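Treat the numbers as computed from the prediction; the structure is a model and nothing was measured. Each chain gets a letter, A, B and so on, in the order the sequences are listed, and its residues count up from 1.
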Amino acid sequence: MDDFDKKLYHDLNLEIEVPKEFTNIIKESLNNDKIKKKVSHYSLTKIISVACASLVLTAGIAYASTEIVKNIWKEPEKVVSNNNIITAEEKAECITKEKATAKANEIFKKFGYSNEKIKSTTLEKSSYKTIDWRFETESEISLSFNAYGKDGFWLFNANVLKKDIKNYRTTKEEAEKTARKICEKYGYDLSKYTNVSVKANLIEEKDAYIWYVDFSKEYNGLVNSYDYISVAFIPEVNEIYYFIVNTSEYDNNTVEIEKEKAINTALEAEKNIKTGYEVECLDAYLSIKKMNSDAYLRINDYEQYIEPKNKLTSKEEIEYVVEKHIRKVWNVILLIRNTNSLLEHGNTYSYYVDATTGEIIGGESDACDITVERDKGGKKYTFYRDYETGEILLKEAYITH
Amino acid sequence: MEELIEKAKNGDKDAFGNIMLSLEKDLYRIAKLRLKNNDDIYDAVQETILIAFKSIKNIKEPQYFKTWIIKILINETNNIYRKKCTKKIVSFEEINTVDIIDALDNIEKVEELADFNFICKKLKYEERVIIALYYIENFTDKEIGKVLKLKEKTVTTKRTRAKQKIKNIIEKGVKV
């Protein structure tokens, strides 16, 4: 059991308040006289009126020209990785501790933490060649940034959560304005970050006391969720909880592949993996995604994908490393029915089909929490929650067979 | 517990009720992994109790009682969840504003504690169940596999991935 296991055992077993009514229900459930099937208080009276939503995103499809499109996908490099050990080769590529410390001090100073004393400096590895420098001050302000010198950083001030902050309030509109002012104050130009998301720490925004504002870059209406500035702060006192600058190089590739073709590519790939599963396409839309090896492994070694045997030892494992590209893709969401598992009524897999080359350049399992049902007329509706955006969507399913 | 189970098998409602009361926090947590509305949770647990009491006679291995009851509860929460999803009616205008279906959206954000609310907010349903059964109920991967009808190795893999996900989120905040 590692330290993180211990943390999970501790945190997850913290007391949870069980409503008194719940106890009463248990006590009374077997008392026939008192069993009353509870009627939920939800309003179930609204009628589904699903308008045909034509995805505007598809409007800009450029049909394949005669120009030969170069492939972007390369087979992943199979490497043995140990996240506890940073190899000499990896370390050699990192910026030195001195340079990193200078950068950290510069950032601390910029955000008004120049009096902070650095308590610890560590190199942290999360996967093969993904290494961060991490600094923590005596008053628990932490800062991490890419150890290879890539722009961006993650600055957290956990102290603010220990203060008496629960009475500070603002509105959504004001929160955005405040976040903009904070960015401006620290010299961050938001003119290219056109997509704004404002969230509060409580559903009842009037009671919220932490506000999270994300500014992301956008390309023709597509949000690049890998290139953003995030600010979390306490209103009224405007104290920063965290400030994140995440940068990424986006290929900004053109759309040469039609939606139908992308869907077929994904369906073919999935249907060839395993027989006996029902596969259908639920949706496909243009999106900006990072290349990954998930779909590659799924397609080429399904057994390994489902039950990885890549743990060489308790610490070492095989990783499939791909080139770092952020591309415009058709995000093709497939519903895969496997009636064997209790929870798999809603299993999905999303294939990232490159919008320019038509290659599968990545994927993600269960990107949506999904429920599919047919109404009386046989029409199929699908609810799903996109885990990346947090959006809950209702769509008519795109049925291909 | 085993004595109470024996009594319950012989039709003793009080004994069965006492077993259920001893598990109330576990039952509430498991139901809340899927359902956000307390009324739905009450429905699910009520159904679970009725089903379980009817079929408790068939239990041959009392040590697996908890596994068995959790399995029934997960089934019931799934049934209610599915019914809700089909009955909940939304117009397209509402889609982006109304919070429907998922238990996740009525729960406070918890930023650094990997507590129960945190896993409800940040993990996919299957991951939530696996993590909760492992760390809260102290189930082994084999037992979780029995509940979810998954191979033990699959559970191990999914649990490891979920754990890494929690770790990433805690260490790096949002958008990892």
Sole residue of B:Lys32, B:Lys25, B:Arg29 in side chain to side chain contact (heavy atoms under 4.5 Å, CB included) with A:Val18: B:Lys25
For chain A, which of B:Val45, B:Thr48, B:Ile41, B:Thr156 has the most heavy-atom pairs under 4.5 Å? B:Val45
In Å and rounded to the nearest 0.5 Å, what is the CD1 to CG distance from A:Ile26 to B:Asn18? 11.0 Å
Should the ring pair B:Tyr28 and A:Phe22 be called parallel, tilted or perpendicular, given that the plane angle runs from 0 to 90° and is split at 30 and 60? perpendicular
NZ/B:Lys7: more than 12 non-hydrogen atoms of other groups inside 6.0 Å: no
Using 0.5 Å steps for rounding, measure from the CD1 atom of B:Ile49 to the CD atom of A:Glu28. 10.5 Å
Against chain A, work out which of B:Leu27, B:Asn138, B:Asp14, B:Leu21 has the most heavy-atom pairs shorter than 4.5 Å and name it. B:Leu21
